[in-house]
Amino acid sequence: MEKIITKDGSIAEVEGVEALHSLRHTASHIMAQAIKHLYGGADGKAVKLAIGPAIDTGFYYDIDMERKLTEEDFADIEAEMKKIVKQNLKLERSVLSREDALKKFADEGENYKVELITDLPADAEISLFTQGDFTDLCAGPHVESTGKVKAFKLMSLAGAYWRGDEHNKMLQRIYGTAFFTKDELKDYLTMLEEAARRDHRKLGKELDLFSLHDEGPGFPFFHPNGMVIQNELLNYWRQVHRRYRYNEIKTPIILNRKLWETSGHWDHYKENMYFTKIDEEDYAVKPMNCPGAALVYKTHTHSYKDLPLRLAEVGLVHRHEKSGVLHGLFRVRNFNQDDAHIFMTMDQVEGEIQKVIDLFDEVYKTFDLSYKAELSTRPENSMGSDEDWEKATSALQKALENRGLDYIVNEGDGAFYGPKIDFHLKDSIGRTWQCGTIQLDMQLPEKFDLTYVGEDGEKHRPIMVHRVVYGSIERFIGILIENYAGAFPVWFTPVQIKILPITDKHLEYSQKLCDKLFDLGFRVEVDDRSEKTGKKIRDAQVKKIPYMIVIGDKEIETGILPIRKYGSQNSVDMSVDDFISYVQEKIATRSSEY
């Protein structure tokens, strides 16, 4: 447990994320104070401070100063921060009137603080935190003294428009991170090094999986190797969904304005959509698949006996993202969403949510990904009545609790049409990724006038559940690239087997073996280059091929193959038939081991 100064000035004992957030918030103030000392001049006015929050990975501060900082300055800033930490300055909270606060920061030349205060509500409490000779406009929380911040590191520099508005001045943003112990910081930095080694953009290029081009920023191009992965993931997806009794549909990419007005996207999601005109009418490229599923449902009259009705779709969607946030396959402008929409009665909600979680659990375990759940509640920009939202949120919460899943509540982060459960996956180096989601919706059935005939012979509204497992196929592939560092399980790796003839006289046998394996459905290639065997092996290792087979005189004579697995220095002798059975078993069971 750690003691912190809370937003109301009281002392509280906290742990985990809350404690770390407070430590990092204090670290941001220490960094700002150090920069003021080093570059602010005699009166400190050469450095103007904007905002400096704690974030999931550490902290940052946006700074306005003439001097252009570089990462070479980090050593000096960190040295000054260490002095401030060593002084163990107590953090003290104070409250000023609006008039006094405006005068204080105006006198100090802190125009960004003046603007922040001016924009606060009239009844807002204006609090400040002071440590030694440094005072900042801040709501908190913080640790009790600068001496608590013993393990920190400055990480990077970036440009950031004031308040995120490109019409405002570009500020210098300095990122850092902080932990309670040096061991925690060391582990985090080691993880970052490993993450850089696994970067899906780098590996995507090395393994020839996908490319990104200036001709289409945010629109990834998948190469043949990448398509193998995508198709295998979709084949598996279809097998699982068939077992769980889903029916697959496909809906158009472009639909007219009336549809998006009915769904609410035109009013609530317009800034993220692309538009066109057809026959002088407004149309939009779909950012989501759900309205199309609603139209498919509406083509038939449904009875309560038809429910739950599970409609699945791998639909290509487009969402407008600003160029500054595009990132490999993780943040793109078009992607395939493995959607499903389930129509059910209110009595079926809990049981159906349990089945969805069963499906999610099966899929994520296949990829060695553990997960945690997060329940997101009603946002400000939402549709529907308070009663509907309470019923929907309660149904999701009950499903989670009855299943015994640990979850956290994320207040106000639901979809505009209903609450949701998000699934955060943990990869092999400890990072988390939000992928799967289950969203309960009472609004779209109302807007599209969806009905079913109940046991009483009357029409009723179905409940609609939106859910995805992978989320974005493209993003999920990016996650898998980094999770496996490009060394994929054999069942979905682009090339499963590489045959390496020692000389040209071994080519004929190698090709016959390749044809035999190819005809059995394996993805297999012969390396027929006039290169030394050692180089062929090294190149196959770089491409992370699961199985390599070197073919020479002995192999042709005996029919025994030396099987060298990826990452191994030694070979294992197997007959052709035994090798075939061995790999088939690995593929059939979707094993992660070679």
Open item on the list: With a 4.0 Å cut-off on N to O distance, would you call E281 and R257 a salt bridge?
Closed with: no

Task: Charged N-O contact under 4.0 Å between R378 and D386 - done: yes

Task: salt_bridge(K277, D282) N-O dist < 4.0 Å - done: yes

Task: salt bridge (charged side-chain N to carboxylate O under 4.0 Å, His left out) contacts touching residues 513-526 (sequence neighbours left out) - done: E232-R523, K498-E525

Side-chain atoms of residues 309-317: list all donor-acceptor pairs with protein atoms under 3.5 Å, sequence neighbours left out, distances to 0.1 Å.
from, atom 1, to, atom 2, distance (Å)
R310, NE, E352, OE2, 2.6
R310, NH2, E352, OE1, 3.2
R310, NH2, E352, OE2, 3.4
E313, OE1, T251, OG1, 3.2
E313, OE2, T251, N, 2.7
E313, OE2, T251, OG1, 2.8
E313, OE2, K286, NZ, 3.2

Open item on the list: I'd like to check the salt bridge (charged side-chain N to carboxylate O under 4.0 Å, His left out) partners of E206; sequence neighbours left out, ordered by chain and number.
Closed with: K202

- [ ] Indicate, with yes or no, if the rings of F210 and H223 have centres closer together than 6.0 Å.
- [x] no

- [ ] Would you please name every residue forming a salt bridge (charged side-chain N to carboxylate O under 4.0 Å, His left out) with E18, sequence neighbours left out?
- [x] none

- [ ] May I ask you to say whether D422 pairs ionically with K420, meaning some side-chain N is under 4.0 Å from a carboxylate O?
- [x] yes

Open item on the list: I'd like to check the salt bridge (charged side-chain N to carboxylate O under 4.0 Å, His left out) partners of E458; sequence neighbours left out, ordered by chain and number.
Closed with: none

TODO: Decide whether Y470 and N336 meet the rule of one side-chain donor and one side-chain acceptor closer than 3.5 Å.
DONE: no

Open item on the list: With a 4.5 Å cut-off on side-chain heavy atoms, are L561 and S575 touching?
Closed with: no

Open item on the list: Going by the rule ring-ring contact (aromatic ring centres under 6.0 Å, His included), which residues pair with Y452 if we only count those two or more places apart in sequence or in a different chain?
Closed with: H460

Task: E362/R243 ion pair, N-O < 4.0 Å - done: yes

